[in-house]
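To find a chain, count down the sequence lines: A is the first, B the second, and so on, and within it residues start at 1. All heavy atoms count here, side chains included; hydrogens, waters and symmetry mates do not.
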Number of protein chains: 4
Amino acid sequence: MQDAALQLFAAKGFFATGIREIADRVGVTTAALYHYMGSKDELLIEIMASSMTQLIRTAEESVATADEPAAQLATLVRAHVGYHALDPLRSMVTDDELRALSGQPRARIMKLRDSYEQLWAQTLDHGLASGVFHVADAKITRLALLEMCNGVDRWYSAAGRMGPGEVADLFADLALAMVDARKDGQPIRLSNLGCTSAEQVLKIARRALQEIGYSD
Amino acid sequence: MQDAALQLFAAKGFFATGIREIADRVGVTTAALYHYMGSKDELLIEIMASSMTQLIRTAEESVATADEPAAQLATLVRAHVGYHALDPLRSMVTDDELRALSGQPRARIMKLRDSYEQLWAQTLDHGLASGVFHVADAKITRLALLEMCNGVDRWYSAAGRMGPGEVADLFADLALAMVDARKDGQPIRLSNLGCTSAEQVLKIARRALQEIGYSD
Amino acid sequence: MQDAALQLFAAKGFFATGIREIADRVGVTTAALYHYMGSKDELLIEIMASSMTQLIRTAEESVATADEPAAQLATLVRAHVGYHALDPLRSMVTDDELRALSGQPRARIMKLRDSYEQLWAQTLDHGLASGVFHVADAKITRLALLEMCNGVDRWYSAAGRMGPGEVADLFADLALAMVDARKDGQPIRLSNLGCTSAEQVLKIARRALQEIGYSD
Amino acid sequence: MQDAALQLFAAKGFFATGIREIADRVGVTTAALYHYMGSKDELLIEIMASSMTQLIRTAEESVATADEPAAQLATLVRAHVGYHALDPLRSMVTDDELRALSGQPRARIMKLRDSYEQLWAQTLDHGLASGVFHVADAKITRLALLEMCNGVDRWYSAAGRMGPGEVADLFADLALAMVDARKDGQPIRLSNLGCTSAEQVLKIARRALQEIGYSD
DNA sequence: TATGAATGAGAGTTCATTCAT
DNA sequence: GATGAATGAACTCTCATTCAT
């Protein structure tokens with residue numbers, strides 16, 4: 001049910017999706033749907049809240065494996081991109097349907113989103129404070145990074161040329177370039193970062209997603 | 001009417017906006033609305049098509065003022081970011097509501113979008129072919145650049161700390177870093193690019209927007 | 001529309017009446033109904049509030065034509081019974097469907113009802129204070145009187161043997177007996193009360209009802 | 001289960017009460033409910049039929065203890081009022097929800113109600129024939145008496161100032177006044193009626209109610 | 001006994017749109 | 001040009017009820 005809703009919400013948007021369509025896809029009547037869910041709204045709320053919660057968990061667990069700013073940023077990017085590439089539909093819905101909510105549920109999701117963005121802010125601040133990153137404007141750079149990474153769910157396809165890990169690595173390098181990460185005057189890139197592979201982060205992301213219904 | 005629709009579509013989304021709301025905001029009856037417009041769908045189509053058309057025009061006119069790859073990319077970014085920052089609502093609707101359309105109208109907008117992205121592809125290819133840009137993967141880099149720049153309309157506010165020109169310049173530098181633009185081993189940035197200021201591009205964008213209802 | 005609703009609410013009750021039935025009886029679609037009404041609830045609220053308001057007006061205007069306790073009580077009973085007999089459906093709905101409401105609308109109707117019952121309390125108190133009425137318990141007597149008179153709308157039929165005026169007179173005499181109205185030891189009845197006929201009160205009630213849709 | 005239904009039907013009405021609410025209050029699932037009851041309709045029918053049956057029994061047994069018209073009327077009123085005051089919820093449902101039924105069940109309850117009203121008609125006729133009662137219109141007086149007494153369940157509360165017996169006595173006196181009961185020119189009231197106390201009738205009513213689930 | 005799952009029907013309401021005036 | 005009235009279709013959601021387990 002959550003799966004069917006996810007696919008439809010992602011394809012057509014929350015408002016354009018009728019519960020009859022969800023029921024049809026599940027193969028039951030609309031009345032049966034209401035045995036398992038509270039309301040169409042709650043269905044969306046649960047998808048978004050669980051997705052944000054697991055994204056935060058993924059990011060926190062991943063970043064904890066790195067101990068210096070450049071590696072932390074690379075890991076954060078890998079976690080974000082990996083999470084979005086592994087389950088692009090879930091991430092699209094979570095990113096795009098916030099305006100379908102209002103009141104308390106909206107506030108709840110926004111709070112989760114804010115706390116996630118704090119992770120990015122901290123990581124960037126850390127790198128700037130230690131002189132590793134060099135940016136013209138911290139806030140603008142953070143927004144640019146986040147939107148660039150968020151965009152992944154809009155175009156990534158598992159059927160494509162690249163796996164989540166490859167894309168994650170490419171994005172990590174782009175991010176390092178954007179913050180002009182340097183050590184002893186030399187640009188820091190994944191290749192000279194002595195940091196673990198993307199696979200480790202993907203494993204964390206995959207496990208987090210499995211707890212909320214993701215499979216394969 | 002287009003203005004009212006634009007604001008509501010941007011704030012609540014196409015499906016969540018009723019034509020009664022649009023009529024209320026304009027101060028007429030819904031029946032009167034149908035004297036000026038064809039249908040709710042057409043209202044959206046016109047907004048999106050005109051926006052895309054003028055974005056393409058802005059980009060083409062702007063890029064024509066630059067004669068080498070790095071300057072062309074910087075100009076393209078400035079045009080895109082400037083256009084999105086000058087009229088974020090229009091850009092948001094154009095970016096986000098494609099799925100509200102189907103059939104021929106959808107194809108029409110997608111074609112415009114594709115032809116716009118071709119401009120980016122050409123610019124990147126040009127820079128790569130001439131050895132100025134150095135990227136691991138041309139397509140991924142293009143997507144990252146586009147999503148980063150598209151994101152501007154999601155957070156930019158005219159009431160904020162920065163004007164469209166400043167943001168455009170910051171993004172142009174980020175883009176040059178992402179493609180690792182170099183000449184004689186030295187990184188190319190706006191500061192050493194001997195290219196005109198963002199204002200010239202903004203003027204082009206502003207004029208293009210004015211033709212489709214933008215003011216001030 | 002109010003008429004159709006009134007008949008159905010009276011016959012089947014508010015909850016058992018579907019708006020599709022109302023629409024059918026009016027001869028339009030349900031959507032058309034919503035041009036004229038706010039909601040099914042509001043339809044009921046308006047019926048009840050207007051009915052109570054006009055009942056209060058009828059009672060107040062009528063009582064003002066009498067100047068001593070026995071005549072005032074007789075007039076109050078005539079007004080109440082006349083009002084209920086003239087439009088039994090409206091009165092039934094107003095009496096019986098209060099529990100279909102909740103919140104503010106419910107409070108609003110209850111307030112009107114309370115202020116109406118105050119008229120009865122005052123009239124009784126007046127008669128008791130001046131030694132004309134003799135009852136064992138003022139409150140119980142008031143409740144007995146009110147329920148007796150309220151009951152009229154449950155059995156009265158315009159097709160029956162008696163007109164509203166005749167019933168009103170019979171009830172007025174019953175009421176005088178219930179409060180044991182006496183003057184100089186002699187029972188007071190309509191016949192020795194030198195008070196105007198029921199027709200005058202009916203005229204007031206009819207005019208009040210006409211303002212809220214009653215005809216004939 | 002009957003108890004839970006009774007309380008809910010009385011508080012919200014038959015149609016406004018869902019069987020899920022009944023099940024919740026009983027503490028079982030709705031499916032379990034259907035092991036004990038036939039349908040929601042039958043639940044109501046049983047409540048109403050048993051209530052009417054026991055009311056008739058109470059009235060018949062009570063009246064049989066009196067041997068002359070005035071005492072019989074007083075006893076009938078006491079029985080009716082006592083029954084309604086002892087179990088107001090049951091009486092409210094029985095009085096108010098007839099329109100929720102149709103077809104055969106409806107006819108069944110109406111027959112019981114008619115036969116109950118026959119008791120009143122007989123008692124009144126008896127008193128009129130023997131010259132003890134003096135009324136302007138027998139039918140109207142009967143209806144007035146019945147509605148006055150029926151009203152008790154709408155306002156009576158066990159938590160109030162008076163017990164069922166006291167209210168029953170007050171109503172008996174009101175009824176005697178309404179029919180202008182006289183003997184040798186002197187008004188007949190409870191005080192000069194040499195008839196047993198209300199307690200005896202209440203005992204009968206209580207026993208009758210206990211057979212259909214009433215307690216305390 | 002008792003339940004979780006499921007259903008068909010129907011509830012009230014809103015939608016974009018049309019059209020006679 | 002502009003409106004008030006009206007519509008058919010669809011909406012989310014709840015209802016009393018059934019039945020395999």
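- In this structure, the nucleotide among F:dC13, E:dG8, E:dT17 sitting nearest to the side chain of A:Thr29 is E:dG8.
- Between D:Glu97 and C:Arg99, at least one side-chain nitrogen of the basic residue sits less than 4.0 Å from a carboxylate oxygen of the acidic one, meeting the salt-bridge criterion.
- Between D:Lys40 atom NZ and E:dA9 atom C1' the separation is 15 Å, expressed in whole Å.
- For the pair A:Lys12 NZ and F:dA10 C1', the computed distance is 12 Å after rounding to whole Å.
- Taking atom CG of residue B:Leu44 and atom C1' of nucleotide E:dA16, one finds them 15 Å apart after rounding to whole Å.
- In this entry F:dA6 has E:dT17 as its Watson-Crick or G-U wobble partner, both defining distances falling under 3.5 Å.
- Rounded to whole Å, the distance from CD on C:Glu21 to C1' on E:dA11 is 11 Å.
- The CD atom of A:Glu42 sits 9 Å away from the P atom of F:dC13 (whole-angstrom rounding).
- Separating the CG atom of A:Asp24 from the P atom of F:dC11 is a distance of 10 Å, rounded to the nearest angstrom.
- Nearest-nucleotide positions on DNA chain F place B:Val28 closer to the 5' end than the other of D:Ser39 and B:Val28.
- Following rounding to the nearest Å, C:Phe15 (CZ) and F:dC15 (P) show an atom-to-atom distance of 11 Å.
- When each of E:dT13, F:dA6, E:dA6 is scored by its nearest atom to the side-chain atoms of B:Arg20, the top-ranked nucleotide is F:dA6.
- The residue from C:Val93, C:Thr94, C:Thr17 that alone fulfils the side chain to side chain contact (heavy atoms under 4.5 Å, CB included) condition with C:Leu44 is C:Val93.
- Between the CG atom of A:Leu33 and the P atom of E:dA6 there is a distance of 10 Å, given to the nearest Å.
- Nearest heavy-atom pair across C:Gly18 and C:Glu21 is N-OE2, 2.9 Å.
- For C:Tyr34, no side-chain nitrogen or oxygen approaches OP1 or OP2 of E:dT14 to under 4.0 Å.
- Ranked by how close their nearest DNA chain F nucleotide is to the 5' end, C:His35 and D:Phe14 are led by C:His35.
- Using a 4.0 Å heavy-atom cutoff across all strands shown, C:Thr30 reaches at least one base atom of the nucleic acid.
- Screening B:Met110, B:Arg108, B:Arg106 for a side chain to side chain contact (heavy atoms under 4.5 Å, CB included) involving B:Leu101 leaves a single residue, B:Arg106.
- In this entry E:dG12 has F:dC11 as its Watson-Crick or G-U wobble partner, both defining distances falling under 3.5 Å.
- Nearer the 5' end of DNA chain E, as judged by each residue's closest nucleotide, is the contact made by A:Ala32, out of C:Asp41 and A:Ala32.
- The existence of a salt bridge linking B:Asp96 and B:Arg154 is confirmed by a sub-4.0 Å separation between a basic side-chain nitrogen and an acidic carboxylate oxygen.
- Comparing E:dA16, F:dC15, F:dT7 by their nearest atom to the side chain of A:Ala31 picks out F:dC15.
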